[in-house]
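Here the structure is laid out as structure tokens; the discussion comes afterwards.
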Amino acid sequence: MSHTTALMWRYINNGDKSNLKKLFAAIYEATDSNAKRETILTARSYILGNLKAIQCQYEEDYIGCSAEG
């Protein structure tokens with residue numbers, strides 16, 4: 001696992017939206033390919049929009065489904 005991935009998971013698990021946004025901005029700026037930049041923006045939007053659900057899936061009594069609404 002890369003340093004960036006571990007850092008991202010730490011921010012996700014702590015619900016740290018501010019640092020998640022900063023990390024995505026740094027990744028975006030370090031990326032030259034427009035196609036990859038678009039992927040970064042899509043991932044950013046998904047993760048920030050579903051942060052609470054991502055966090056809840058690790059709770060012991062979590063009952064979920066792999067299908068999105």
Side-chain angles (χ1 to χ4, degrees):
M1 182 178 333
S2 75
H3 175 71
T4 306
T5 303
L7 191 57
M8 186 175 293
W9 273 112
R10 184 178 326 143
Y11 294 153
I12 289 170
N13 290 330
N14 291 328
D16 190 345
K17 279 189 175 185
S18 176
N19 279 321
L20 266 172
K21 290 177 183 179
K22 290 176 187 176
L23 181 59
F24 272 112
I27 294 168
Y28 184 87
E29 290 301 318
T31 303
D32 295 328
S33 165
N34 284 335
K36 287 182 180 181
R37 281 183 159 198
E38 196 62 37
T39 300
I40 292 164
L41 293 177
T42 301
R44 177 189 184 273
S45 177
Y46 183 86
I47 290 172
L48 291 174
N50 294 287
L51 187 58
K52 199 62 172 168
I54 294 168
Q55 291 173 301
C56 287
Q57 71 181 338
Y58 296 106
E59 294 177 5
E60 188 175 316
D61 59 345
Y62 176 76
I63 299 173
C65 175
S66 62
E68 293 186 38

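Fair warning: this is a prediction, and the values are worked out from it, not measured in the lab.
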Requested in this report: Sort and list the pairs that fulfil side chain to side chain donor-acceptor pair (under 3.5 Å) and have at least one residue in residues 32-42, not counting sequence neighbours.
Outcome: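 Found none.
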
Atom pairs and distances, side-chain donor-acceptor, residues 17-30, under 3.5 Å, sequence neighbours left out:
unit_1	atom_1	unit_2	atom_2	d
N19	ND2	D16	OD2	2.8

Query - Close side-chain approach of I54 to W9, heavy-atom, < 4.5 Å - result: yes

